[in-house]
Amino acid sequence: MLPAFVDHHVHLHLVDAAGLPRRGVAAVVDLGGDPVALARRGAGLPHVAYAGAFVTVPGGYPTGRSWAPESIVRVVTGSSRHPGVAGGARTAVDAQADAGASVIKVALHADAGPVPDDDTLAAIVGSARERGLVVVAHAQGDGQVERAIEAGVSALAHAPFDAPLSRRVIARAVAAGQSWISTLDIHRGEARRVAIANVRAFAARGGRVLYGTDLGNGPLPVGLNRRELLALHEAGVRGDALVAALTDPWPGSDAIGAVSTFIAGPAPTDPDDVPTWLSRATVVPTEELTRVD
């Protein structure tokens, strides 16, 4: 019996989440969805925390994508930190927070269009802090990871995959307390190699790695992803560290209650067998594990 497993990067409007608990996922973090629809979700499994809409700029990612209806995109046109200003950074943050968001998602995808300038990014991060929320960024393109670190972005939605990061940049990310959500299995070829190498260096320096799959992005399994677990193992996130990546309560601080992760049979003695063993997990309400009939 282990604490609840969390997939820290999903898009619920693109998948049927009903199968997640049967395959070991007790909780998810939706990092880009309709804040109104997410706020109206009922209770039950999986537990859901969410960012609400992507915060972006005119023409910025993911505007215009077939999988990204207007309801999941919030366009910011200015860096105002005053509540209620049309197009202002604070207004965009407030809209997500008022809908129950636990984190704010900002798009720093410079390879796909314009991104927030430094003043706007600072206003988004600052406004989120004022609402007691952390910021996660899709950081892709030249210099975007560095910008995220400099601006105080708390987490990256994807482990950096478009270029190897220098030891200095990785050290800065670790020192800043930044978290990286893995999403390694969405990549193939060179991007996968680079992402695994970056995670290996980040984890080796004490960086906080979170298990996440970007579920909804292509043909990924609904539930624990064995390939993601194996990729993390390859990146040096092994044993207790791998379990920690799966059970981290980010963006909250309290562990998920009332449910546990259950894996039938003994734990493996060979560390190389741990990813496959973990992938066999299922979610069981705690009362079912403690009840005596």
Side-chain angles (χ1 to χ4, degrees), residues 1-52 65-69 71-72 100-103 105 136 157-158 181-188 210-233 242-252 255-265 267 273-289 291:
M1 187 171 66
L2 294 167
F5 287 176
V6 184
D7 188 332
H8 298 89
H9 188 156
V10 306
H11 298 281
L12 292 175
H13 70 288
L14 298 174
V15 298
D16 180 1
L20 285 165
R22 289 193 298 273
R23 296 205 60 245
V25 176
V28 298
V29 185
D30 188 295
L31 290 185
D34 179 354
V36 175
L38 289 164
R40 289 175 174 168
R41 281 186 59 89
L45 293 174
H47 293 277
V48 178
Y50 55 89
R65 269 58 178 184
S66 60
W67 55 268
S71 60
I72 79 163
S102 301
V103 57
K105 171 81 172 282
V136 61
H158 304 277
I181 303 171
S182 58
T183 70
L184 300 172
D185 188 45
I186 61 172
H187 306 301
R188 296 294 180 267
L210 308 174
Y211 169 89
T213 64
D214 199 7
L215 184 62
N217 180 358
L220 299 174
V222 176
L224 281 172
N225 184 335
R226 178 174 174 270
R227 298 188 305 265
E228 188 72 37
L229 294 170
L230 288 168
L232 279 162
H233 186 79
L242 185 56
V243 173
L246 280 162
T247 59
D248 195 304
W250 182 93
I256 304 299
V259 295
S260 294
T261 302
F262 185 74
I263 309 173
D273 294 334
V274 170
T276 298
W277 176 71
L278 290 170
S279 71
R280 298 172 183 154
T282 190
V283 177
V284 180
T286 304
E287 63 186 31
E288 295 294 326
L289 290 174
R291 187 178 63 200

Do the non-hydrogen side-chain atoms of [X] and [Y] ever get within less than 4.5 Å of each other?
{"X": "W250", "Y": "V136", "result": "yes"}
{"X": "L242", "Y": "P275", "result": "yes"}
{"X": "L2", "Y": "L278", "result": "yes"}
{"X": "D248", "Y": "V6", "result": "no"}
{"X": "L229", "Y": "L246", "result": "yes"}
{"X": "P69", "Y": "H13", "result": "yes"}

For the backbone of [Y] and the side chain of [X], can you confirm whether one donor and one acceptor N or O come within less than 3.5 Å of each other?
{"X": "N225", "Y": "L220", "result": "no"}
{"X": "S182", "Y": "G212", "result": "yes"}
{"X": "T261", "Y": "F5", "result": "yes"}

Residues in side-chain hydrogen bond (donor to acceptor under 3.5 Å, both in side chains) contact with R65, at least two apart in sequence or another chain: none
Distance-only criterion, 3.5 Å: show the donor-acceptor pairs between side-chain atoms of residues 34-51 and protein atoms not counting sequence neighbours.
{"from": "D34", "atom 1": "OD1", "to": "V36", "atom 2": "N", "distance (Å)": "3.0"}
{"from": "Y50", "atom 1": "OH", "to": "A99", "atom 2": "O", "distance (Å)": "2.3"}

Residues passing the ring-ring contact (aromatic ring centres under 6.0 Å, His included) test with H8, sequence neighbours excluded, are none
Contacts satisfying salt bridge (charged side-chain N to carboxylate O under 4.0 Å, His left out) that involve residues 214-233 (not counting sequence neighbours) are D185-R227
When rounded to the nearest 0.5 angstrom, what is the spacing between OG1 in T183 and CG in L215? 12.0 Å
Yes or no on side chain to side chain contact (heavy atoms under 4.5 Å, CB included) for I72 and H11, after CA distance, side-chain angles and deciding distance? CA-CA 10 Å; I72 79 163; H11 298 281; 5.8 Å; no
What pair of heavy atoms forms the shortest contact from A157 to I181, and how long is it? O-CB, 3.5 Å
Only distances under 3.5 Å count here; give the side-chain donor-acceptor pairs of residues 14-32 to other protein atoms, sequence neighbours excluded, each with its distance to 0.1 Å.
{"from": "D16", "atom 1": "OD1", "to": "A18", "atom 2": "N", "distance (Å)": "3.1"}
{"from": "R23", "atom 1": "NH1", "to": "V222", "atom 2": "O", "distance (Å)": "3.4"}
{"from": "R23", "atom 1": "NH1", "to": "L224", "atom 2": "O", "distance (Å)": "3.4"}
{"from": "R23", "atom 1": "NH2", "to": "L224", "atom 2": "O", "distance (Å)": "3.4"}
{"from": "D30", "atom 1": "OD1", "to": "G32", "atom 2": "N", "distance (Å)": "3.0"}
{"from": "D30", "atom 1": "OD1", "to": "G33", "atom 2": "N", "distance (Å)": "3.4"}
{"from": "D30", "atom 1": "OD2", "to": "L12", "atom 2": "N", "distance (Å)": "2.8"}

Matching residue for Y211 among T247, V243, D7 - test: side chain to side chain contact (heavy atoms under 4.5 Å, CB included): D7
